[in-house]
Amino acid sequence: MLDIRSIRQEPDVFKRKLGRKGISPTVIDDLLAADEAWRTALAEVERLKALRNATSEAIAQKKRNKEDASEDIARMREVGGQIQTLDEKVREHDAAVRDMLLALPNVPHDSVPAGESEADNPVLRTWGDIPKFQFTPRAHFEIAEELGIVDTERAVKITGSRFVLYKGLGARLERALAAFMLDLHVDKHGYTEMFPAFIANEDSLVGTGNLPKFGDEMFKLEGLPYYLIPTAEVPLTNYYRDEILSADDLPVKFAGYSSCFRSEAGSAGKDTRGLIRLHQFQKVELVNLCLPEHSYAVLETLTRECEAVLEALELPYRRIEICTGDLGAKDAKKYDIEVWLPASNTYREISSCTNFEDFQARRANLRFRRSDTSRPEFVHTLNGSGLAVGRTVAAILENNQEADGSVRIPKALVPYMGGIERMTK
RNA sequence: GGAGUGAUGGCCGAGUAGGUCGAAGGCGCUCGCCUGCUAAGCGAGUAUACGGUCAAAAGCCGUAUCGAGGGUUCGAAUCCCUCUCACUCCGCCA
């Protein structure tokens, strides 16, 4: 959520910045008109309330002195009715302003490159050697099927399409990757490990910006105000919701492993096979809360921490920057990390690292104090996938496949696999 | 699932015949004094949000907030209704 007072002060700045995201300037004009109406009504009703408070005090005084106050009481009865009507109006205007603010996307940072679509996202760096194969590399789902480590058919029987079931060494690989990633972030990068509930309430989802706009991308529990979390970002970012931290508490670095549930995953009709696009996948998520002046440095560090996972697993990747046209609604600046997938001869997103600045913090009322005497300010929030486990499995299967159908386990992962160095039929 | 109790400021905790209660008192915290230093002691201060005023900040004015929402009333922390949450006991359960 953007700051209405800043918008009031510098409407043109917001028009320009939101214009980079394709938002029409009239949206700002409408917002300011609604805001003006709200403030006018508010001033009026507050004036009446001040009158009522003063008169009520006078009534109390008169009653104590055994004087007659019936005239004042009659007058206030009328004022009370006016207040009720005006209060209703204030509420309506306030709701209108809030709805408009909640619907507005974040403003992109000035450093975000302009662009229409994902095709315009610049590549910032690449790492690792793309493997050369003496044979045609096969897709991860074919390898997995042949190794018997993923059972899609029965997952469909048990649940439905867009779900998988890991079996045997596949299940172990999932577990190993999650443990490896968590250990790396906790031991090397200074994160606090978190294991949240996979269900969150509506306030939390509003806090991170998933509601009210993106409710249909999530699974809602029938008859309950609960949703399956689309990412651990939701519980981790909301951990300090409605709290005021001290500056000493910052930065906060949370690493959380969770299943992630996405209802939209089936609609696009692509990646219908394999581990790329599922209604449920597992992910280790990194969440950072920090001082506003540090958030862009933190974004760089955070992105490196996510890339470190791929480097440790010896998987080639590249980092791209998301341009204005491809930037998500909550994002001020975002890097995607894409891992090389040989079978499709392309890089695929395996992590997103984003600085939200105070967009989420304002929604979640997540603040800090620089000193005991200073006023609360909003923290900046960031997160990054470190990493999506299913896509990491896919990347290992495809990049480490051999002609005989076996798959080499990355060295760093061998201890987590009980010493197994290779998966064979 | 059954029965019961409760929800007040950073924390603890007063406050029910409705009226000067944003709310006693204590603790904590901040600043100052005092002391060779620390502790103790003394004094002052110490919520948040929004609106207005101001170039802006401070300040000042106003409104709201005693779990949330609604109601009664000129006036509600105090009365009524609904909801939420927490705790205790019983049952069930990994």
Side-chain angles (χ1 to χ4, degrees), chain A residues 1-13 31-102 195 197-207 211 221 223-227 235 238-250 259 292 358 361-379:
Chain A
M1 186 160 64
L2 299 176
D3 179 20
I4 183 66
R5 274 177 297 189
S6 305
I7 298 176
R8 255 179 235 153
Q9 266 175 332
E10 306 183 304
D12 293 338
V13 171
L31 172 65
L32 288 176
D35 176 55
E36 185 62 39
W38 171 69
R39 282 185 296 155
T40 304
L42 185 66
E44 178 63 10
V45 78
E46 286 191 350
R47 193 185 60 76
L48 288 177
K49 281 180 180 175
L51 172 66
R52 181 177 68 182
N53 287 344
T55 309
S56 287
E57 209 168 303
I59 290 170
Q61 190 66 39
K62 285 184 179 172
K63 289 225 165 177
R64 265 193 301 276
N65 297 341
K66 307 275 192 242
E67 293 170 31
D68 178 41
S70 54
E71 203 175 300
D72 285 334
I73 291 176
R75 213 148 45 82
M76 283 309 105
R77 192 170 293 151
E78 205 169 305
V79 169
Q82 294 171 11
I83 286 175
Q84 212 158 21
T85 313
L86 264 172
D87 255 342
E88 186 56 38
K89 211 160 121 187
V90 169
R91 258 197 299 276
E92 281 168 19
H93 284 127
D94 183 50
V97 170
R98 189 175 165 78
D99 286 351
M100 289 163 108
L101 275 177
L102 283 176
F195 187 70
F198 295 176
I199 294 173
N201 62 30
E202 289 178 335
D203 284 344
S204 294
L205 290 154
V206 170
L211 288 178
L221 270 62
L224 294 169
Y226 293 153
Y227 292 78
N238 277 283
Y239 183 79
Y240 285 120
R241 170 158 52 83
D242 292 322
E243 294 188 34
I244 301 176
L245 305 175
S246 101
D248 301 338
D249 299 328
L250 301 172
S259 290
D358 64 3
R362 184 168 276 112
R363 285 169 168 256
N365 195 26
L366 176 35
R367 297 176 295 172
F368 76 100
R369 244 189 253 276
R370 290 184 190 271
S371 76
D372 288 340
T373 50
S374 50
R375 302 177 67 80
E377 297 172 53
F378 291 109
V379 304

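Keep in mind the model is a prediction, meaning the values are calculated, not measured. A note on names: the letters A, B, ... follow the listed sequences, proteins ahead of strands, and every chain is numbered from 1. The figures that follow rest on heavy atoms only: side chains count, while hydrogens, waters and symmetry mates do not.
- Nucleotide rA47(B) holds its P atom 18 Å from the CG atom of Asn365(A), rounded to whole Å.
- A salt bridge links Asp72(A) with Lys62(A): the distance from a Lys NZ or Arg NE/NH1/NH2 to an Asp or Glu carboxylate oxygen falls below 4.0 Å.
- Here the separation of rG4(B) from rU65(B), taken at their P atoms, is 32 Å to the nearest Å.
- Under the Watson-Crick or G-U wobble criterion, with both distances below 3.5 Å, rA94(B) is left unpaired in every strand shown.
- Map Glu57(A) and Glu46(A) each onto its nearest nucleotide of RNA chain B; the residue landing nearer the 5' end is Glu57(A).
- Atom-to-atom, CZ of Arg241(A) to C1' of rC85(B) comes out at 13 Å; the value is rounded to the nearest Å.
- Checking the phosphate oxygens (OP1, OP2) of rA49(B), a side-chain nitrogen or oxygen of Arg375(A) falls inside 4.0 Å.
- As the counterpart of rC21(B), no nucleotide is assigned, since no Watson-Crick or G-U wobble pattern has both distances under 3.5 Å.
- rG41(B) and rC33(B) make up a base pair, with Watson-Crick or G-U wobble contacts both under 3.5 Å.
- Within the 4.0 Å cut-off from OP1 or OP2 of rG51(B), at least one side-chain nitrogen or oxygen of Arg5(A) is found.
- Spacing between atom CZ of Arg91(A) and atom C1' of rG69(B) amounts to 10 Å, rounded to whole angstrom units.
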### Task
Give the intermediate values and the outcome of side chain to side chain contact (heavy atoms under 4.5 Å, CB included) for residues Phe378(A) and Leu366(A).
CA-CA 6 Å; Phe378(A) 291 109; Leu366(A) 176 35; 5.7 Å; no
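- Comparing rU46(B) with rG71(B), their C1' atoms are spaced 36 Å from each other, to the whole Å.
- A side-chain N or O of Ser204(A) and one of Asn201(A) form a donor-acceptor pair less than 3.5 Å apart.
- Regarding Arg362(A), its CZ atom lies at a distance of 9 Å from the P atom of rC50(B), rounded to whole Å.
- Shown here, rC85(B) forms a base pair with rG6(B); the pair counts as Watson-Crick or G-U wobble because both key distances fall under 3.5 Å.
- Between Arg39(A) and rG52(B), a side-chain N or O to OP1/OP2 separation shorter than 4.0 Å is present.
- Listed pair Arg369(A) / rU46(B) fails the phosphate criterion, with no side-chain N or O lying under 4.0 Å from OP1 or OP2.
- For Ser56(A), taking side-chain heavy atoms from C-beta onward, the closest of the listed nucleotides rA64(B), rG70(B), rG75(B) is rG75(B).
- Comment: Glu46(A) does not engage Lys49(A) in a salt bridge, judged by the lack of any side-chain N to carboxylate O separation of less than 4.0 angstrom.
- Using a 4.0 Å heavy-atom distance criterion, Ile59(A) is classed as a base contact.
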### Message
Between Glu377(A) and Arg370(A), does the salt bridge (charged side-chain N to carboxylate O under 4.0 Å, His left out) criterion hold? Intermediate values first, please.
### Response
CA-CA 8 Å; Glu377(A) 297 172 53; Arg370(A) 290 184 190 271; 2.6 Å; yes
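- For the pair Pro376(A) and Thr55(A), both in contact range of RNA chain B, the more 5′-proximal nearest nucleotide belongs to Pro376(A).
- Between the side chains of Arg75(A) and Thr55(A), no donor-acceptor pair is found at a separation under 3.5 Å.
- For the pair Lys49(A) NZ and rU73(B) P, the interatomic distance rounds to 17 Å; values are reported in whole Å.
- Nucleotide rC11(B) is matched to rG26(B) when pairs are restricted to Watson-Crick or G-U wobble geometry with both distances under 3.5 angstrom.
- When atom types are taken as modelled, the side chain of Ser6(A) and the backbone of Leu2(A) share no donor-acceptor pair closer than 3.5 angstrom.
- Note on Arg52(A): only backbone sugar-phosphate atoms sit closer than 4.0 angstrom, heavy atoms only; bases stay farther off.
- Taking atom P in both rG22(B) and rU63(B), the straight-line distance is 10 Å, to the nearest Å.
- Distance CD1 (Ile73(A)) to P (rU73(B)): 12 Å, rounded to an integer number of Å.
- Near RNA chain B, defined here as any heavy-atom distance below 4.0 Å, the residues from residues 76-89 of chain A are Met76(A), Arg77(A), Gln84(A), listed numerically.
- A donor and an acceptor atom, one from each side chain of Arg363(A) and Asn365(A), are nowhere located under 3.5 Å apart.
- Pair check for rA77(B) finds none; no Watson-Crick or G-U wobble contact set falls under 3.5 Å.
- Distance Asp203(A) CG to rA68(B) P: 13 Å, rounded to the nearest Å.
- Across all strands shown, Ala43(A) has no heavy atoms under 4.0 Å from either base or sugar-phosphate atoms.
- Pair assignment for rG62(B): rC50(B), on the basis of Watson-Crick or G-U wobble contacts that are both within less than 3.5 Å.
- The phosphate of rG19(B) (OP1 or OP2) has no side-chain N or O of Asn53(A) nearer than 4.0 angstrom.
- We find that CG of Asp242(A) is positioned 13 Å from C1' of rG67(B), with the value rounded to whole Å.
- No donor-acceptor distance shorter than 3.5 angstrom exists from the side chain of Asn65(A) to the backbone of Glu67(A), with no hydrogens or angles considered.
- Annotation: rU72(B) and rC80(B) have their C1' atoms spaced 7 Å apart (nearest Å).
- Within 6.0 Å of the CZ atom in Arg8(A), the count of heavy atoms belonging to other residues, nucleotides or ligands exceeds 12.
- Annotation: rC85(B) and rC93(B) have their P atoms spaced 25 Å apart (nearest Å).
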